[in-house]
There are 2 protein chains.
Amino acid sequence: MADKTTYSISELAKEFDVTTRSVRFYEDQGLLKPARRGQTRIFSSKDRVRLKLILRGKRMGFSLAETKELFDLWDETLTGNEKQLLKMLAILDNKRAHLEQQKNDIAQAEMEMETAETRCREALAELQKRKESQTEQPSSEKAGA
Amino acid sequence: MADKTTYSISELAKEFDVTTRSVRFYEDQGLLKPARRGQTRIFSSKDRVRLKLILRGKRMGFSLAETKELFDLWDETLTGNEKQLLKMLAILDNKRAHLEQQKNDIAQAEMEMETAETRCREALAELQKRKESQTEQPSSEKAGA
DNA sequence: GATAAAGTTTACGTAAACGTAAAGTAAATT
DNA sequence: AATTTACTTTACGTTTACGTAAACTTTATC
């Protein structure tokens with residue numbers, strides 16, 4: 001299934017849970033370059049990989065333009081001159097910094113989510129206690145303000 | 001500086017490198033709730049924290065609406081009923097899944113960036129070799145200008 | 001008291017990433 | 001042959017997250 005060599009637009013759309021509209025849009029923006037049989041697009045496994053990369057890029061907060069730039073530079077690493085190669089290396093450095101930022105953000109978020117979860121569970125426990133004491137004799141009440 | 005209790009809009013904007021327009025927009029969308037002295041907004045340290053969270057949320061791919069929902073639910077954990085608390089816990093679970101996805105994405109990206117870097121450096125080395133063989137006899141050459 | 005600096009509201013404009021509808025083609029099925 | 005199914009192009013519409021300009025107030029400074 002995954003080692004097929006060609007794909008229709010709807011096959012790809014279905015596999016990655018995107019609309020055909022999106023796939024066509026990505027082609028329009030120069031991120032995918034499917035072959036054609038007549039009018040019909042025929043996607044290669046390279047296209048499939050790129051679609052996967054596009055979607056991951058999106059999840060990581062990259063714009064389509066950024067991803068396209070990476071694709072283009074990547075292709076140029078095969079034929080490119082020194083200047084382009086150095087640019088690619090520079091961009092890779094930037095991306096690495098980006099990844100570090102993301103890792104920090106994630107670590108922070110994880111910590112805060114633990115705090116949040118604890119607070120929620122404590123609040124729930126508090127509610128439980130009140131429920132139980134409501135069942136007993138209404139002897140005392142806690143202050144509220 | 002960071003433990004001040006109130007901030008002007010431009011102070012916050014400067015600190016987090018956003019425009020005042022953005023800050024006002026966030027208020028408009030209900031994410032910030034600065035006090036007012038006359039017309040002028042006065043931001044508390046709570047607002048400052050929230051702004052930080054907003055921006056981190058953006059870096060992590062959260063929309064302002066999503067972040068607002070989290071803020072609102074968070075506030076409700078103080079007063080909220082059981083249903084809201086459970087909802088908050090459910091959302092926290094979702095976010096955790098989201099974080100896992102992000103971590104996977106990052107790990108993948110890191111691996112592929114290594115591959116890319118290697119390819120770049122190899123291509124560069126290849127160019128160097130050709131340069132040298134072009135120069136032929138000259139035994140010593142100094143790099144850089 | 002004129003002016004500059006920082007703040008405000010109102011409102012139209014914009015870029016990105018598609019959604020959605022219209023209208024047509026091309027192959028497969030009934 | 002007629003219809004369904006999958007695909008196509010063209011093109012206007014929509015949401016998010018602001019940018020940008022205009023016109024106005026408030027506070028500080030010369």
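Quick caveat: nothing in here was measured; it's all calculated off a predicted structure. Throughout, a chain's letter reflects where its sequence line sits, starting with A, and its residues are numbered from 1.
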For the atom pair OH (B:Y26) and CG (B:L12), what is the distance rounded to the nearest 0.5 Å? 12.0 Å

Atom CZ of B:F25 and atom C1' of C:dT9: how far apart are they, to the nearest Å? 16 Å

Base C:dT8 to side chain B:R24, donor-acceptor N/O within 3.5 Å cut-off: no

Nearest-angstrom distance from the residue atom CG of A:D28 to P of C:dG19: 14 Å

Taking CG from B:L31 and P from D:dT16, how many angstroms apart are they, rounded to a whole number? 13 Å

Please tell me which of the listed nucleotides, D:dT20, D:dT8, D:dA17, lies nearest to the side chain of B:K58? D:dA17

Within the structure provided, determine whether B:R50 and B:L31 are in side-chain contact (heavy-atom separation under 4.5 Å). no

Atom CZ of A:F62 and atom P of C:dA15 are separated, to the nearest Å, by 23 Å

Is any side-chain heavy atom of A:R48 less than 4.5 Å from a side-chain heavy atom of A:F16? yes

For C:dT20, does the base pair up with any side-chain atom of A:R21 as donor and acceptor (N or O, under 3.5 Å, distance only)? yes

Against the side chain of A:I9, the closest entry in D:dC7, C:dT8, C:dC18 is D:dC7

A:I42 has an atom CD1; how far is it from atom C1' of D:dT8, in whole Å? 14 Å

Distance check: side-chain N/O of A:Y26 vs OP1/OP2 of C:dC18, anything under 4.0 Å? yes

Checking contacts here: which listed nucleotide (C:dA17, C:dG7, D:dC7) is nearest the side-chain heavy atoms of A:T40? D:dC7

Using distance only, find each side-chain donor-acceptor pair of residues 84-102 of chain B under 3.5 Å and give its atom names and separation, not counting sequence neighbours.
unit_1, atom_1, unit_2, atom_2, d
B:Q84, NE2, B:E76, OE1, 3.3
B:R96, NH2, A:E117, OE1, 2.0

Is there a side-chain polar atom (N or O) of A:S8 under 4.0 Å from OP1 or OP2 of D:dC7? yes

Given atom CG of A:L64 and atom C1' of C:dA16, what is their separation to the nearest angstrom? 8 Å

Which part of the nucleic acid, if any, lies within reach of A:R36 when heavy atoms closer than 4.0 Å are counted: base, sugar-phosphate only, or nothing? sugar-phosphate

Taking OP1 and OP2 of C:dA15, is either one under 4.0 Å from a side-chain nitrogen or oxygen of A:S63? no

To the nearest angstrom, how far is A:E27 atom CD from C:dA17 atom P? 17 Å

Is it the case that the side chains of A:S22 and A:T19 hold a donor-acceptor pair, with the cut-off being a distance below 3.5 Å and no angle test? yes

Between B:T20 and C:dA6, is there a side-chain N or O to OP1/OP2 distance below 4.0 Å? no

If you only use heavy atoms from C-beta on, which nucleotide in D:dA17, C:dT8, D:dT8 is closest to the side chain of B:Q39? C:dT8

Check the distance between D:dA17's P and B:I54's CD1 and give it to me in whole angstrom. 11 Å

Applying a 4.0 Å non-hydrogen cut-off, can you work out what A:T19 is touching in the nucleic acid: base, sugar-phosphate, or nothing? sugar-phosphate

